[in-house]
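Data first, discussion second: the structure below is written as structure tokens.
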Amino acid sequence: MALASSETYTREQAAGPHRMPQFRLQFLLDGKLFLTRIWSAVPDIGQRVMFPSAGGSGLFKVIDVLWSDTATEDMMSAYISLIRSPG
């Protein structure tokens, strides 16, 4: 898995002039793939995200965002590291 952690992209750069951005987000929990989602935004470090199907409170905190070096014209990918957040 090739990652480019030093690269940052704004939503505008990812979207181009007239496109709605699409991001393939692979969420990691304890260093392992937890789930994959297609979203129109990338959560910020420190932000909380909720996945009710995960059990418990389903609340997680984003601790890292790593951009993948694979991108297409319509989609960019990122790996999002999570920790469980007390609910």
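Every value quoted in this text rests on a predicted model; they were computed, and no experiment measured them. The basis for the numbers below is simple: all heavy atoms, side chains too, and nothing from hydrogens, waters or symmetry mates.
By the 4.5 Å heavy-atom criterion applied to side chains, Ile45 and Lys61 are not counted as neighbours. The shortest distance between side-chain heavy atoms of Ile80 and Asp64 does not fall below 4.5 Å. The side-chain heavy atoms of Val42 and Trp67, taken from C-beta on, include a pair separated by under 4.5 Å. With contacts defined as side-chain heavy-atom distances shorter than 4.5 Å, the pair Leu82/Val62 qualifies.
Placement of Trp39 and Ile63 in two distinct hydrophobic clusters is found when ILVMFWY residues are connected by side-chain heavy-atom separations under 4.5 Å, directly or transitively. Leu66 and Ile83 fall into different hydrophobic clusters, where Ile, Leu, Val, Met, Phe, Trp and Tyr are joined by side-chain heavy atoms under 4.5 Å apart, directly or via other members.
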In a table with atom names and distances, give each donor-acceptor pair under 3.5 Å that connects a side chain of residues 23-30 to protein atoms at least two apart or in another chain.
none

Using residues 47-56 as the side-chain source, report each donor-acceptor pair under 3.5 Å to any protein atom, sequence neighbours left out, with the distance given to one decimal.
unit_1	atom_1	unit_2	atom_2	d
Gln47	OE1	Asp44	N	2.9
Arg48	NE	Ser85	OG	2.9

